[in-house]
Amino acid sequence: MRQTDLAIIGAGPAGLAAALEAATAGAKVILLERDEWLGGQLVKQTHQFFGSKKEFAGMRGIDIATHFSEQIEKNKDIEVFTGATALGYYEDGVLTAAYSGRMLKIKPKTMLVASGAMEKMIPFNNNDLPGVYGAGAVQTLMNVYGVAPGKRVLMVGAGNIGLIVSYQLMQAGIEVEAIIEGSSQVGGYWVHASKIRRMGVPILTNHTILKAIGEEKVEGALITEIDENWKPLEGTEREVSVDNICLAVGLSPLAELLWQAGCQMEFSPQLGGYVPVRDEDLETSQEGIYIAGDVAGIEEATSAILEGQLAGISAARKMGFAVEDKKIEQIKENLKSLRAGPVGEHIRQGLAQVER
(Lines give C-alpha, C1' and ligand atoms only; values in the text may rest on other atoms or scores of the structure.)
Protein backbone atom coordinates (compact mmCIF):
# COMPACT_ATOMS: atom_id res chain seq x y z
CA MET A 1 0.00 0.00 0.00
CA ARG A 2 1.46 3.34 -1.06
CA GLN A 3 0.82 6.47 0.98
CA THR A 4 0.78 9.95 -0.54
CA ASP A 5 -0.63 13.42 0.01
CA LEU A 6 -2.35 13.70 -3.36
CA ALA A 7 -3.23 11.08 -5.96
CA ILE A 8 -4.06 12.41 -9.43
CA ILE A 9 -5.89 10.32 -12.03
CA GLY A 10 -5.01 11.50 -15.52
CA ALA A 11 -1.86 13.18 -16.85
CA GLY A 12 -3.46 15.41 -19.45
CA PRO A 13 -3.17 19.22 -19.22
CA ALA A 14 -5.26 19.38 -16.02
CA GLY A 15 -3.47 16.56 -14.22
CA LEU A 16 0.01 17.80 -15.15
CA ALA A 17 -0.73 21.36 -14.04
CA ALA A 18 -2.26 20.11 -10.79
CA ALA A 19 0.71 17.88 -9.98
CA LEU A 20 3.18 20.72 -10.42
CA GLU A 21 1.18 23.19 -8.32
CA ALA A 22 0.64 20.73 -5.48
CA ALA A 23 4.27 19.59 -5.45
CA THR A 24 5.53 23.18 -5.56
CA ALA A 25 3.49 23.82 -2.42
CA GLY A 26 5.25 20.86 -0.74
CA ALA A 27 2.83 17.97 -1.27
CA LYS A 28 3.87 14.46 -2.24
CA VAL A 29 2.05 13.48 -5.44
CA ILE A 30 1.33 10.22 -7.24
CA LEU A 31 0.28 10.74 -10.86
CA LEU A 32 -1.51 7.92 -12.71
CA GLU A 33 -1.84 7.84 -16.51
CA ARG A 34 -3.32 4.97 -18.52
CA ASP A 35 -1.34 5.84 -21.68
CA GLU A 36 2.39 5.29 -21.95
CA TRP A 37 3.07 9.02 -22.31
CA LEU A 38 2.20 12.23 -20.47
CA GLY A 39 0.17 15.05 -21.96
CA GLY A 40 -3.19 13.52 -22.85
CA GLN A 41 -4.79 15.37 -25.76
CA LEU A 42 -1.91 17.85 -25.86
CA VAL A 43 0.32 15.35 -27.68
CA LYS A 44 -2.17 15.32 -30.58
CA GLN A 45 -2.41 19.10 -30.91
CA THR A 46 -0.03 20.41 -33.54
CA HIS A 47 -1.71 23.83 -33.79
CA GLN A 48 -0.54 26.89 -31.89
CA PHE A 49 -2.49 28.07 -28.87
CA PHE A 50 -3.66 31.66 -28.76
CA GLY A 51 -4.49 33.99 -25.90
CA SER A 52 -1.95 35.38 -23.45
CA LYS A 53 1.69 34.36 -23.05
CA LYS A 54 1.09 33.04 -19.51
CA GLU A 55 -1.43 30.63 -21.07
CA PHE A 56 1.10 29.29 -23.62
CA ALA A 57 0.04 31.47 -26.55
CA GLY A 58 2.15 30.70 -29.62
CA MET A 59 3.11 27.21 -28.40
CA ARG A 60 1.85 24.00 -29.97
CA GLY A 61 0.05 21.50 -27.78
CA ILE A 62 2.74 18.87 -28.25
CA ASP A 63 5.37 21.36 -27.07
CA ILE A 64 3.27 22.29 -24.04
CA ALA A 65 3.12 18.58 -23.16
CA THR A 66 6.91 18.39 -23.41
CA HIS A 67 7.27 21.52 -21.25
CA PHE A 68 5.10 20.02 -18.50
CA SER A 69 6.68 16.56 -18.75
CA GLU A 70 10.20 17.97 -18.31
CA GLN A 71 9.13 19.85 -15.18
CA ILE A 72 7.39 16.75 -13.80
CA GLU A 73 10.52 14.65 -14.39
CA LYS A 74 12.67 17.12 -12.46
CA ASN A 75 10.35 17.25 -9.45
CA LYS A 76 11.30 14.64 -6.86
CA ASP A 77 7.96 15.00 -5.06
CA ILE A 78 5.99 13.65 -8.04
CA GLU A 79 5.91 9.89 -8.66
CA VAL A 80 4.59 9.00 -12.11
CA PHE A 81 2.97 5.73 -13.20
CA THR A 82 2.28 5.49 -16.93
CA GLY A 83 0.32 2.54 -18.30
CA ALA A 84 -1.70 2.66 -15.07
CA THR A 85 -5.50 2.48 -15.27
CA ALA A 86 -7.48 3.59 -12.24
CA LEU A 87 -10.00 0.88 -11.31
CA GLY A 88 -11.83 2.08 -8.24
CA TYR A 89 -11.99 4.29 -5.16
CA TYR A 90 -13.40 2.66 -2.05
CA GLU A 91 -15.04 3.57 1.26
CA ASP A 92 -11.80 3.12 3.17
CA GLY A 93 -10.14 5.78 1.01
CA VAL A 94 -8.08 3.33 -1.04
CA LEU A 95 -7.55 3.97 -4.75
CA THR A 96 -6.69 0.96 -6.92
CA ALA A 97 -5.09 0.85 -10.37
CA ALA A 98 -3.95 -1.84 -12.80
CA TYR A 99 -0.22 -1.40 -13.41
CA SER A 100 2.33 -3.74 -15.02
CA GLY A 101 0.13 -6.79 -14.57
CA ARG A 102 -0.55 -6.20 -10.91
CA MET A 103 -2.87 -4.27 -8.61
CA LEU A 104 -1.50 -0.98 -7.33
CA LYS A 105 -3.08 0.25 -4.07
CA ILE A 106 -2.77 3.86 -2.97
CA LYS A 107 -4.00 5.58 0.21
CA PRO A 108 -4.00 9.32 -0.54
CA LYS A 109 -4.93 12.12 1.84
CA THR A 110 -6.66 13.86 -1.06
CA MET A 111 -7.50 12.82 -4.61
CA LEU A 112 -7.88 14.76 -7.83
CA VAL A 113 -9.76 13.26 -10.78
CA ALA A 114 -8.63 14.63 -14.14
CA SER A 115 -9.75 11.68 -16.23
CA GLY A 116 -10.88 13.70 -19.24
CA ALA A 117 -13.69 12.75 -21.60
CA MET A 118 -14.80 10.26 -24.23
CA GLU A 119 -16.11 10.96 -27.71
CA LYS A 120 -19.81 10.96 -28.44
CA MET A 121 -21.28 9.09 -31.38
CA ILE A 122 -24.44 9.70 -33.41
CA PRO A 123 -26.81 7.13 -34.94
CA PHE A 124 -26.91 6.67 -38.72
CA ASN A 125 -27.10 3.67 -41.03
CA ASN A 126 -23.86 1.67 -41.29
CA ASN A 127 -22.12 3.70 -38.62
CA ASP A 128 -20.18 0.56 -37.67
CA LEU A 129 -18.37 0.29 -41.01
CA PRO A 130 -14.57 0.41 -41.00
CA GLY A 131 -13.67 3.97 -41.90
CA VAL A 132 -16.01 5.62 -39.38
CA TYR A 133 -13.84 7.29 -36.73
CA GLY A 134 -14.10 9.67 -33.85
CA ALA A 135 -12.03 12.83 -34.32
CA GLY A 136 -9.80 11.90 -31.36
CA ALA A 137 -9.02 8.55 -32.94
CA VAL A 138 -8.06 10.29 -36.19
CA GLN A 139 -5.75 12.63 -34.28
CA THR A 140 -4.16 9.67 -32.51
CA LEU A 141 -3.55 7.84 -35.78
CA MET A 142 -2.02 10.87 -37.48
CA ASN A 143 -0.23 12.79 -34.77
CA VAL A 144 0.89 9.98 -32.48
CA TYR A 145 1.45 7.04 -34.84
CA GLY A 146 1.90 8.79 -38.22
CA VAL A 147 -0.87 6.79 -39.93
CA ALA A 148 -3.25 8.38 -42.45
CA PRO A 149 -6.86 7.30 -41.74
CA GLY A 150 -7.92 7.67 -45.37
CA LYS A 151 -7.54 9.76 -48.52
CA ARG A 152 -10.84 11.67 -48.62
CA VAL A 153 -12.75 12.61 -45.46
CA LEU A 154 -16.21 13.88 -44.52
CA MET A 155 -16.05 15.74 -41.21
CA VAL A 156 -19.24 15.71 -39.13
CA GLY A 157 -19.25 18.60 -36.67
CA ALA A 158 -17.99 22.19 -36.96
CA GLY A 159 -16.93 22.79 -33.38
CA ASN A 160 -13.30 23.53 -32.58
CA ILE A 161 -12.33 19.85 -32.68
CA GLY A 162 -13.93 19.32 -36.11
CA LEU A 163 -12.29 22.44 -37.51
CA ILE A 164 -8.84 21.78 -36.06
CA VAL A 165 -8.77 18.10 -37.06
CA SER A 166 -9.90 19.04 -40.58
CA TYR A 167 -6.95 21.41 -40.88
CA GLN A 168 -4.57 18.76 -39.54
CA LEU A 169 -5.92 16.27 -42.10
CA MET A 170 -5.18 18.72 -44.90
CA GLN A 171 -1.70 19.35 -43.51
CA ALA A 172 -1.15 15.60 -43.83
CA GLY A 173 -2.17 15.69 -47.50
CA ILE A 174 -5.65 14.23 -46.93
CA GLU A 175 -8.56 15.82 -48.78
CA VAL A 176 -11.53 17.05 -46.75
CA GLU A 177 -14.66 16.84 -48.90
CA ALA A 178 -16.76 18.98 -46.57
CA ILE A 179 -17.55 19.77 -42.96
CA ILE A 180 -21.22 19.34 -42.08
CA GLU A 181 -22.86 20.82 -39.01
CA GLY A 182 -26.36 20.14 -37.68
CA SER A 183 -26.92 23.56 -36.14
CA SER A 184 -27.41 26.80 -38.03
CA GLN A 185 -23.97 28.18 -37.19
CA VAL A 186 -20.37 27.11 -36.76
CA GLY A 187 -19.70 26.13 -33.16
CA GLY A 188 -15.92 26.65 -33.16
CA TYR A 189 -13.82 29.79 -33.19
CA TRP A 190 -14.03 31.81 -36.40
CA VAL A 191 -10.24 31.94 -36.62
CA HIS A 192 -10.31 28.18 -37.26
CA ALA A 193 -13.36 28.27 -39.56
CA SER A 194 -11.93 31.07 -41.70
CA LYS A 195 -8.69 29.16 -42.18
CA ILE A 196 -10.64 26.11 -43.39
CA ARG A 197 -12.77 28.13 -45.80
CA ARG A 198 -9.72 29.87 -47.25
CA MET A 199 -8.43 26.42 -48.17
CA GLY A 200 -11.58 25.75 -50.18
CA VAL A 201 -13.41 23.38 -47.84
CA PRO A 202 -17.18 24.05 -47.60
CA ILE A 203 -18.75 24.21 -44.15
CA LEU A 204 -22.38 23.15 -44.57
CA THR A 205 -24.58 24.18 -41.66
CA ASN A 206 -28.06 22.68 -41.14
CA HIS A 207 -26.75 19.38 -42.52
CA THR A 208 -26.40 15.88 -41.10
CA ILE A 209 -25.36 12.41 -42.22
CA LEU A 210 -27.98 9.76 -43.00
CA LYS A 211 -25.87 6.80 -44.04
CA ALA A 212 -22.35 5.49 -44.52
CA ILE A 213 -22.19 3.91 -47.98
CA GLY A 214 -20.22 0.70 -48.54
CA GLU A 215 -20.17 -3.04 -47.91
CA GLU A 216 -16.82 -3.91 -46.32
CA LYS A 217 -15.66 -0.34 -45.66
CA VAL A 218 -16.70 3.27 -46.14
CA GLU A 219 -16.95 4.21 -49.81
CA GLY A 220 -19.18 7.26 -49.46
CA ALA A 221 -21.77 9.03 -47.36
CA LEU A 222 -25.35 10.18 -47.79
CA ILE A 223 -25.93 13.65 -46.32
CA THR A 224 -28.98 15.88 -46.17
CA GLU A 225 -30.17 19.32 -45.14
CA ILE A 226 -32.28 19.50 -41.97
CA ASP A 227 -34.90 21.93 -40.68
CA GLU A 228 -34.98 23.83 -37.38
CA ASN A 229 -36.32 20.67 -35.71
CA TRP A 230 -33.39 18.62 -37.02
CA LYS A 231 -35.66 16.73 -39.43
CA PRO A 232 -34.29 15.84 -42.90
CA LEU A 233 -35.62 18.01 -45.73
CA GLU A 234 -37.00 15.80 -48.48
CA GLY A 235 -35.23 16.18 -51.80
CA THR A 236 -31.97 17.57 -50.35
CA GLU A 237 -30.16 14.23 -49.96
CA ARG A 238 -26.91 13.79 -51.86
CA GLU A 239 -24.02 11.38 -51.89
CA VAL A 240 -20.40 12.37 -51.34
CA SER A 241 -17.49 10.16 -52.31
CA VAL A 242 -15.27 9.60 -49.26
CA ASP A 243 -13.36 6.72 -47.70
CA ASN A 244 -13.45 8.12 -44.16
CA ILE A 245 -16.19 9.63 -42.00
CA CYS A 246 -14.86 11.53 -39.01
CA LEU A 247 -17.24 12.35 -36.15
CA ALA A 248 -16.55 15.46 -34.09
CA VAL A 249 -19.93 15.68 -32.39
CA GLY A 250 -18.94 16.38 -28.83
CA LEU A 251 -17.44 14.82 -25.72
CA SER A 252 -18.84 13.33 -22.52
CA PRO A 253 -17.00 13.59 -19.17
CA LEU A 254 -15.38 10.33 -18.00
CA ALA A 255 -16.85 10.46 -14.51
CA GLU A 256 -17.31 6.80 -13.53
CA LEU A 257 -14.78 7.03 -10.70
CA LEU A 258 -16.64 10.02 -9.26
CA TRP A 259 -19.95 8.18 -9.38
CA GLN A 260 -18.34 5.28 -7.52
CA ALA A 261 -16.86 7.64 -4.94
CA GLY A 262 -20.36 8.91 -4.16
CA CYS A 263 -19.90 12.45 -5.45
CA GLN A 264 -23.09 14.42 -6.07
CA MET A 265 -23.62 14.55 -9.83
CA GLU A 266 -25.78 16.81 -11.94
CA PHE A 267 -26.67 16.79 -15.62
CA SER A 268 -25.52 19.89 -17.50
CA PRO A 269 -25.92 19.98 -21.31
CA GLN A 270 -23.62 22.99 -21.44
CA LEU A 271 -20.80 21.04 -19.77
CA GLY A 272 -21.24 17.85 -21.79
CA GLY A 273 -23.36 15.61 -19.54
CA TYR A 274 -23.24 14.47 -15.93
CA VAL A 275 -20.59 16.37 -13.97
CA PRO A 276 -19.81 16.62 -10.25
CA VAL A 277 -21.19 19.41 -8.12
CA ARG A 278 -18.22 21.43 -6.85
CA ASP A 279 -17.25 24.49 -4.83
CA GLU A 280 -15.20 27.42 -6.09
CA ASP A 281 -11.96 25.52 -5.32
CA LEU A 282 -13.11 22.51 -7.42
CA GLU A 283 -13.67 20.28 -4.38
CA THR A 284 -16.61 17.91 -4.89
CA SER A 285 -19.35 17.00 -2.42
CA GLN A 286 -17.00 14.28 -1.13
CA GLU A 287 -14.47 16.03 1.09
CA GLY A 288 -10.93 15.73 -0.20
CA ILE A 289 -11.90 14.77 -3.77
CA TYR A 290 -11.17 17.43 -6.39
CA ILE A 291 -11.81 17.64 -10.12
CA ALA A 292 -10.23 19.46 -13.08
CA GLY A 293 -10.35 19.42 -16.86
CA ASP A 294 -12.97 17.81 -19.09
CA VAL A 295 -14.33 15.57 -16.31
CA ALA A 296 -15.46 18.82 -14.65
CA GLY A 297 -17.04 20.09 -17.89
CA ILE A 298 -16.01 20.09 -21.54
CA GLU A 299 -13.80 23.10 -22.35
CA GLU A 300 -10.53 23.92 -24.07
CA ALA A 301 -7.04 22.81 -22.97
CA THR A 302 -6.22 26.25 -21.55
CA SER A 303 -9.19 26.01 -19.18
CA ALA A 304 -8.06 22.52 -18.18
CA ILE A 305 -4.59 23.83 -17.30
CA LEU A 306 -6.01 26.63 -15.16
CA GLU A 307 -8.47 24.28 -13.45
CA GLY A 308 -5.62 21.87 -12.77
CA GLN A 309 -3.60 24.66 -11.16
CA LEU A 310 -6.58 25.69 -9.04
CA ALA A 311 -7.47 22.17 -7.91
CA GLY A 312 -3.85 21.21 -7.21
CA ILE A 313 -3.06 24.27 -5.14
CA SER A 314 -6.43 24.08 -3.33
CA ALA A 315 -5.81 20.44 -2.38
CA ALA A 316 -2.39 21.40 -1.04
CA ARG A 317 -3.89 24.19 1.04
CA LYS A 318 -6.54 21.84 2.46
CA MET A 319 -3.75 19.55 3.69
CA GLY A 320 -2.09 22.45 5.48
CA PHE A 321 0.69 23.35 3.07
CA ALA A 322 1.59 27.02 2.80
CA VAL A 323 -0.25 28.58 -0.13
CA GLU A 324 -0.64 32.26 -0.95
CA ASP A 325 -4.31 33.24 -1.14
CA LYS A 326 -3.52 35.83 -3.79
CA LYS A 327 -2.15 33.10 -6.06
CA ILE A 328 -5.41 31.17 -5.84
CA GLU A 329 -7.40 34.33 -6.50
CA GLN A 330 -5.25 35.09 -9.54
CA ILE A 331 -5.93 31.66 -11.03
CA LYS A 332 -9.66 32.13 -10.44
CA GLU A 333 -9.48 35.53 -12.12
CA ASN A 334 -7.66 34.03 -15.12
CA LEU A 335 -10.39 31.39 -15.46
CA LYS A 336 -13.10 34.03 -15.22
CA SER A 337 -11.40 36.09 -17.91
CA LEU A 338 -11.02 33.07 -20.18
CA ARG A 339 -14.75 32.32 -19.90
CA ALA A 340 -15.85 35.91 -20.48
CA GLY A 341 -17.77 37.10 -23.53
CA PRO A 342 -20.27 35.35 -25.79
CA VAL A 343 -17.99 32.35 -26.49
CA GLY A 344 -17.97 31.37 -22.84
CA GLU A 345 -21.66 32.01 -22.16
CA HIS A 346 -22.68 28.34 -22.27
CA ILE A 347 -19.86 27.45 -19.87
CA ARG A 348 -20.99 30.12 -17.43
CA GLN A 349 -24.54 28.81 -17.66
CA GLY A 350 -23.39 25.26 -16.94
CA LEU A 351 -21.22 26.28 -14.01
CA ALA A 352 -24.11 28.20 -12.48
CA GLN A 353 -25.95 24.85 -12.25
CA VAL A 354 -23.21 22.88 -10.53
CA GLU A 355 -21.25 25.30 -8.34
CA ARG A 356 -22.21 25.34 -4.66
Side-chain angles (χ1 to χ4, degrees), residues 41 44-48 61 117-214 217-226 230 232-233 236-252 272 294 298 300-301:
Q41 298 302 309
K44 307 175 188 179
Q45 296 174 350
T46 58
H47 62 282
Q48 292 181 337
M118 62 181 176
E119 294 188 284
K120 292 180 179 178
M121 299 293 284
I122 55 173
F124 56 90
N125 288 336
N126 290 339
N127 68 354
D128 59 347
L129 275 179
V132 178
Y133 292 94
V138 166
Q139 279 190 307
T140 301
L141 283 172
M142 289 195 304
N143 299 342
V144 178
Y145 298 110
V147 176
K151 296 180 179 179
R152 191 176 177 89
V153 176
L154 172 69
M155 180 65 66
V156 182
N160 280 326
I161 293 176
L163 298 172
I164 289 169
V165 174
S166 293
Y167 185 70
Q168 292 176 351
L169 284 162
M170 288 184 283
Q171 285 181 309
I174 299 165
E175 187 174 353
V176 177
E177 169 69 16
I179 301 173
I180 61 173
E181 168 60 47
S183 67
S184 60
Q185 59 186 5
V186 172
Y189 294 138
W190 278 105
V191 65
H192 298 314
S194 298
K195 186 164 54 178
I196 294 294
R197 282 179 167 152
R198 285 197 301 270
M199 297 180 74
V201 176
I203 302 177
L204 308 175
T205 54
N206 297 117
H207 277 70
T208 192
I209 181 171
L210 295 176
K211 180 181 181 180
I213 299 170
K217 61 182 180 179
V218 170
E219 297 173 0
L222 181 65
I223 64 174
T224 184
E225 291 185 45
I226 55 178
W230 295 67
L233 292 172
T236 64
E237 303 91 348
R238 66 184 178 96
E239 292 185 11
V240 292
S241 178
V242 295
D243 62 2
N244 181 248
I245 297 167
C246 184
L247 304 177
V249 293
L251 302 169
S252 296
D294 280 346
I298 308 302
E300 302 299 315

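Numbers here are sequence positions counted from 1.
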- Item | Side chain Asn160, main chain Tyr189, donor-acceptor under 3.5 Å |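 Flag set: sc Asn160 to bb Tyr189 pair under 3.5 Å.
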- Message: Between His192 (side chain only) and Trp190 (backbone N and O only), is there a donor and an acceptor less than 3.5 Å apart?
- Response: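 The answer is no, because no donor-acceptor pair under 3.5 Å joins these two groups.
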- Do the non-hydrogen side-chain atoms of Glu119 and Leu251 ever get within less than 4.5 Å of each other?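 Yes, close enough: below the 4.5 Å cut-off.
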- Does any non-hydrogen side-chain atom of Ile223 lie less than 4.5 Å from one of Arg238?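 A side-chain contact under 4.5 Å exists here.
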- Show your working on side-chain contact (heavy atoms from CB on, under 4.5 Å) between Ser184 and Asn206 and close with a plain yes or no. CA-CA 5 Å; Ser184 60; Asn206 297 117; 3.8 Å; yes
If you take all heavy atoms of [X] and [Y], which pair is closest and at what distance?
| X | Y | result |
| --- | --- | --- |
| Ser166 | Ile179 | OG-CD1, 3.4 Å |
| Val165 | Cys246 | CG1-SG, 4.5 Å |
| His207 | Ile180 | CB-CB, 3.9 Å |
| Ile245 | Ala221 | CD1-CB, 4.0 Å |
| Ala178 | Leu204 | CB-CD1, 4.3 Å |
| Leu222 | Glu239 | CD1-CG, 3.9 Å |

Looking at residues at least two apart in the chain, or sitting in another chain, which of them share a side chain to side chain donor-acceptor pair (under 3.5 Å) with [X]?
| X | value |
| --- | --- |
| Thr208 | none |
| Thr224 | Thr236 |
| Ser183 | Glu181 |

- Going through the checks in order, is the side-chain contact (heavy atoms from CB on, under 4.5 Å) test met by Lys44 and Thr140? CA-CA 6 Å; Lys44 307 175 188 179; Thr140 301; 2.8 Å; yes
Taking only distance into account, with no hydrogens and no angle test, what donor-acceptor pairs under 3.5 Å do side-chain atoms of residues 124-139 form with protein atoms, sequence neighbours excluded?
from   : atom 1 : to     : atom 2 : distance (Å)
Asn126 : ND2    : Ala212 : O      : 2.9
Asn127 : ND2    : Ile122 : O      : 3.3
Gln139 : NE2    : Gln168 : OE1    : 3.1

- Message: Once rounded to the nearest 0.5 Å, what's the spacing between atom CD of Glu300 and atom CD of Gln45?
- Response: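 Between Glu300 CD and Gln45 CD, I get 8.5 Å after rounding to 0.5 Å.
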- Can you measure from OG1 (Thr205) to CD1 (Ile226) and round to the nearest 0.5 angstrom?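 One gets 9.0 Å once the value is rounded to the nearest 0.5 Å.
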Show me the side-chain donor-acceptor pairs of residues 144-157 shorter than 3.5 Å, one per line, residues at least two apart or across chains.
from   : atom 1 : to     : atom 2 : distance (Å)
Arg152 : NE     : Glu177 : OE1    : 3.2
Arg152 : NE     : Ser241 : O      : 2.7
Arg152 : NH1    : Glu175 : OE1    : 2.8
Arg152 : NH1    : Glu175 : OE2    : 2.6
Arg152 : NH2    : Glu177 : OE1    : 2.1

- Can you tell me if CD1 on Ile161 sees more than 12 non-hydrogen neighbours from other groups inside 6.0 Å?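 No, because the 6.0 Å sphere around CD1 of Ile161 holds 12 heavy atoms or fewer from other groups.
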- Could you list all the salt bridge (Lys or Arg N to Asp or Glu O under 4.0 Å) pairs where at least one residue sits in residues 190-202, not counting sequence neighbours?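 Listed by first then second residue: nothing to list.
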- Task: Walk me through it: do Asn244 and Ile174 pass the test side-chain contact (heavy atoms from CB on, under 4.5 Å)?
- Result: CA-CA 10 Å; Asn244 181 248; Ile174 299 165; over 6 Å; no
